[in-house]
Engineer: 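Got a structure here, written out as structure tokens. Questions coming.
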Amino acid sequence: MIYHKNSLPKERRNSTPKIEIEGMSWAVYWEDEGIPNPSYNLTRAFIYVIHFRTYLIIGDKGKIEDYGPKHFSKLMFKLAKFHFPDWLGFDKDRCSYNPELANRILRIQKVAEWQLHKISENKI
């Protein structure tokens with residue numbers, strides 16, 4: 001992570017950025033956060049960071065508990081926060097429980113799950 005210290009955005013460039021979902025972990029990120037990053041290694045490491053952050057936003061609801069050990073994701077979150085303290089993904093409004101945002105994320109996860117099932121049904 002240290003090699004990418006200044007590669008993630010520190011300020012918002014869009015007042016209403018789109019929320020994206022990372023397909024395997026059900027974690028979410030905002031399009032203005034630099035995830036996915038041109039560096040594959042940084043993006044893979046941040047999967048755990050955004051996974052834990054999504055858990056912080058939605059709590060024990062949704063599919064987020066199905067991906068990886070929570071203590072590892074929390075450790076990666078703390079490590080990333082140490083190396084990228086000014087990353088806009090660590091803004092308080094993106095790392096705190098928010099019922100309205102949680103409901104929005106749960107709806108996004110539900111649509112993503114529906115799309116995944118639809119794709120898998122067509123392939124079999």
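Start at 1 with the first residue, then count along the sequence.
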Engineer: Is there a path of hydrophobic side-chain contacts, each under 4.5 Å between heavy atoms of I/L/V/M/F/W/Y residues, joining Ile58 to Val111?
Structural biologist: no
Engineer: Mind checking what makes ring-ring contact (aromatic ring centres under 6.0 Å, His included) contact with Trp87, not counting sequence neighbours?
Structural biologist: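 With sequence neighbours excluded, Trp87 shows a ring-ring contact (aromatic ring centres under 6.0 Å, His included) to Phe46, Phe90, given in chain and number order.
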Engineer: State, to 0.1 Å, how close Val28 and Thr54 come at their nearest heavy-atom pair, and which atoms those are.
Structural biologist: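 Scanning both residues completely, I find the closest heavy atoms to be N-OG1, 3.0 Å.
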Engineer: Centroid-to-centroid, Phe77 to Tyr48, below 6.0 Å?
Structural biologist: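 Between Tyr48 and Phe77, which both carry aromatic rings, the centre distance is not below 6.0 Å.
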Engineer: Looking at side-chain heavy atoms only, is the closest gap between Lys81 and Pro85 below 4.5 Å?
Structural biologist: no
Engineer: So, taking the atom named SG in Cys95 and the one named CD1 in Ile50, what distance separates them when rounded to the nearest 0.5 Å?
Structural biologist: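 Going from the SG atom of Cys95 to the CD1 atom of Ile50 covers 11.5 Å.
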Engineer: State plainly whether the residues Asp91 and Arg12 are in salt-bridge range, i.e. N to O under 4.0 Å.
Structural biologist: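 A salt bridge links Asp91 with Arg12.
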Engineer: Does Leu88 share a hydrophobic cluster with Ile57, counting links as ILVMFWY side-chain heavy atoms below 4.5 Å and allowing steps through other members?
Structural biologist: no
Engineer: Taking C-beta and beyond as the side chain, do Lys78 and Leu75 meet within less than 4.5 Å on heavy atoms?
Structural biologist: no
Engineer: Kindly compute the distance separating NZ (Lys110) from CD1 (Ile105), expressed to the nearest 0.5 Å.
Structural biologist: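 Between atom NZ of Lys110 and atom CD1 of Ile105 there are 16.0 Å.
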Engineer: For the residue pair Pro9 and Asp32, what are the closest heavy atoms and their distance?
Structural biologist: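 Scanning both residues, the minimum pair turns out to be CG-O, 3.2 Å.
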Engineer: Can you tell if the side chain of Glu22 reaches within under 4.5 Å of the side chain of Ile35, non-hydrogen atoms only?
Structural biologist: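 Counting from C-beta outward, Glu22 and Ile35 never come under 4.5 Å.
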Engineer: Test your reading of the model: is there a side-chain donor-acceptor pair from Glu20 to the backbone of Glu31, 3.5 Å cut-off?
Structural biologist: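 Looks like no, no N/O pair under 3.5 Å.
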Engineer: Any donor-acceptor pair under 3.5 Å linking the side chain of Gln109 with the backbone of Trp26?
Structural biologist: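 Checking the backbone N and O of Trp26 against the side chain of Gln109, a donor-acceptor pair under 3.5 Å is found.
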Engineer: Go through the steps for Asn14 and Thr16 under the test side chain to side chain contact (heavy atoms under 4.5 Å, CB included), then give the verdict.
Structural biologist: CA-CA 6 Å; Asn14 180 350; Thr16 56; 3.7 Å; yes
Engineer: Can you name the closest pair of heavy atoms from Leu101 and Asp93 and give their distance?
Structural biologist: CD2-O, 4.1 Å
Engineer: Contact between Ile108 and Leu106 at the side-chain level, heavy atoms closer than 4.5 Å - yes or no?
Structural biologist: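 Contact flag for Ile108/Leu106 side chains = no.
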Engineer: Any idea which heavy atoms bring Met76 and Val49 closest together, and the distance?
Structural biologist: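 Result for this residue pair: O-CG2, 3.6 Å.
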Engineer: My understanding is that only residues two or more places apart in sequence, or in another chain, count here; which of them pass salt bridge (charged side-chain N to carboxylate O under 4.0 Å, His left out) with Glu33?
Structural biologist: Arg53, Arg94
